[in-house]
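Input: a single structure, listed below in structure tokens.
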Amino acid sequence: MKAYFALPALNEAQYIRETLDCILSQNTNCKIEVYICINQPDDWWENPEKLNICINNQKTIEIVKASSSNFHIIDKSSKGNGWIGKELGVGHARFTLMNEINRVADAEDIIISIDADTKFDSNYVETLVENFKNNPTALALSTPYYHPLSNDEDANKAILRYEIYMRNYAINMLRINSPFAFTALGSAIACKVSAYRKICGITPMKSGEDFYFLQQLRKAGSLLIWNETHVFPATRFSDRVFFGTGPAMIKGNQGNWDSYPIYCPCLFDE
């Protein structure tokens, strides 16, 4: 069995070293392969407001190459290689990564979806492998997560409010025995390659691809929602995606939590 990391990166030069170090520090007998898609729209090279991200992505490529010669880089950021037209965003990056992994992997291998600002312990891969071995009918895993608090008080308040929203929703879905009681974070998903093939892969969406991916996997079979080792995505304001944690924190910091209400338990009962 092999474990394949699928890691999209956009404007991540400040964070990706620690994520790569976590991968390199894994203590497991399972062979690990790492695929990294550094990506952006190609026309950003002509946009003065986005040029800093283009430069950041080139620095990210250098960091990845310096970390290990065994990492597989899918360059969707260098001039002439970026996304064209409507094919853009983290969803297309995950789609590109997982399809490439699917092309070379065996059915019993696992795909580990991670983000470039996420930390995890040295036994993460080993616990995933053991979890799937102990639960042979499970197709995928929604890994438990925590966003560590930072030195930014505003960011801490925003992420705590967002986590309360997500955990309230998940707990109530569990309480009513919904089959869709999971939290979808792109940095906290693992699945069997055989399961990926069973649902014909991930749908390439601009954002929200992680939720629809887990939803399709859950429709096809059982989904685990517990693992001995957790993941720790960074607490940061970010507009790298069209919606999700970063944009929610930005809106929330401005006092707008309308899209992320704390639903009353009675609504779940109904």
Side-chain angles (χ1 to χ4, degrees), residues 1-9 15-16 18-28 30 32-36 90-91 93-94 97-98 101 109-148 159 162-171 173-174 178-196 199 202 208-218 220-235 241 244-246:
M1 175 188 288
K2 288 185 179 179
Y4 289 85
F5 277 92
L7 196 163
Y15 295 91
I16 197 169
E18 292 183 302
T19 300
L20 298 179
D21 286 344
C22 289
I23 294 173
L24 292 169
S25 70
Q26 291 302 295
N27 183 16
T28 177
C30 179
I32 294 174
E33 299 279 353
V34 182
Y35 284 75
I36 303 169
V90 66
R94 292 198 207 280
L97 285 162
M98 292 187 182
I101 291 169
D109 295 337
I110 61 174
I111 300 172
I112 303 172
S113 177
I114 202 76
D115 285 342
D117 63 354
T118 303
K119 299 178 185 178
F120 39 91
D121 292 338
S122 60
N123 65 337
Y124 182 46
V125 170
E126 190 62 23
T127 60
L128 294 179
V129 171
E130 286 300 312
N131 208 343
F132 280 121
K133 283 183 179 179
N134 294 334
N135 299 276
T137 62
L139 301 187
L141 166 69
S142 174
T143 308
Y145 65 94
Y146 291 99
H147 291 85
I159 196 60
Y162 186 67
E163 279 214 11
I164 289 171
Y165 154 76
M166 291 195 295
R167 296 186 188 282
N168 174 73
Y169 185 87
I171 287 170
M173 292 291 272
L174 284 166
S178 168
F180 300 106
F182 55 77
T183 300
L185 287 179
S187 56
I189 296 173
C191 74
K192 297 176 180 177
V193 171
S194 58
Y196 187 80
I199 65 168
I202 190 171
E209 78 294 334
D210 43 12
F211 172 81
Y212 292 106
F213 184 48
L214 281 180
Q215 186 181 63
Q216 288 301 107
L217 287 164
R218 183 64 186 90
S222 63
L223 174 73
L224 302 172
I225 58 171
W226 177 254
N227 191 60
E228 180 183 339
T229 301
H230 304 170
V231 298
F232 304 94
T235 295
V241 296
T245 305

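These figures come from a predicted structure and were not determined experimentally.
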Result of checking T229, N27, T28 against N123 for side chain to side chain donor-acceptor pair (under 3.5 Å)
T229
Is a side-chain donor or acceptor of D115 paired with a backbone partner of T19 at a separation under 3.5 angstrom?
no
Centroid-centroid distance, F232 to H147, less than 6.0 Å
no
Spacing of OH belonging to Y162 relative to OG1 belonging to T235, to within rounding of 0.5 Å:
12.5 Å
For A181 versus A170, what's the shortest heavy-atom pair and its separation?
CB-O, 4.4 Å
Okay, side chain of K133, backbone of L128: is any donor-acceptor separation there less than 3.5 Å?
no
Heavy-atom distance under 4.5 Å between the side chains of I112 and Y4, does that happen here?
no
Look at the side chain of D109 and the backbone N and O of K2, then say whether any donor-acceptor pair between them is shorter than 3.5 Å.
yes
Please examine the side chains of V125 and F120, heavy atoms only from C-beta on, and report whether any two atoms are closer than 4.5 Å.
no
Does the side chain of L20 come within less than 4.5 Å of I36's, by heavy atoms?
yes
List the atom of C191, the atom of Y196, and the distance in Å for their closest heavy-atom pair.
SG-CB, 4.3 Å
Closest heavy-atom pair and its distance - C30, A3:
SG-N, 3.5 Å
Check the angle between the aromatic planes of F182 and F180 and answer parallel, tilted or perpendicular using the 30° and 60° thresholds.
perpendicular
Would you compute the distance between atom CG of L217 and atom CD1 of I189 and round it to the nearest 0.5 angstrom?
8.0 Å
Main-chain N/O of I164 paired to N168 side chain as donor or acceptor, under 3.5 Å:
no
Taking atom OH of Y124 and atom NE2 of H230, what is their separation to the nearest 0.5 Å?
10.0 Å
Considering all heavy atoms of both residues, which atom of M1 and which atom of V129 are nearest to each other, and what is their separation?
SD-CG1, 3.8 Å
Decide yes or no on side chain to side chain contact (heavy atoms under 4.5 Å, CB included) for N131 and N135, but give the supporting numbers first.
CA-CA 6 Å; N131 208 343; N135 299 276; 3.0 Å; yes
Just verifying a value: how many Å separate Y146 OH and I159 CD1, rounded to the nearest 0.5 Å?
13.5 Å
Using modelled atom types only, decide if a donor and an acceptor are shared between the side chain of S113 and the backbone of A190 within a distance under 3.5 Å.
no
State whether the side chain of R94 and the backbone N or O of L97 hold a donor-acceptor pair below 3.5 Å, judged by distance alone.
no
Rounding to 0.5 Å, atoms CD1 (I225) and OG1 (T143) come to a distance of 11.5 Å
Tell me the closest heavy-atom pair linking L223 and L141, and the distance in Å.
CD1-N, 3.8 Å
Is the cationic atom of R167 (NZ for Lys, CZ for Arg) positioned less than 6.0 Å from the six-membered ring centroid of Y145 and within 45 degrees of its normal?
yes
I32 and Q26: side chain to side chain contact (heavy atoms under 4.5 Å, CB included), yes or no, with the steps?
CA-CA 9 Å; I32 294 174; Q26 291 302 295; 3.6 Å; yes
Assess, by modelled atom type and distance only, whether the side chains of E228 and T127 contain a donor and an acceptor separated by less than 3.5 Å.
no
Which pair of non-hydrogen atoms, one from S187 and one from P233, has the smallest distance, and what is that distance?
OG-CG, 3.5 Å
To the nearest 0.5 Å, what is the distance between CZ (F5) and CD1 (I111)?
12.5 Å
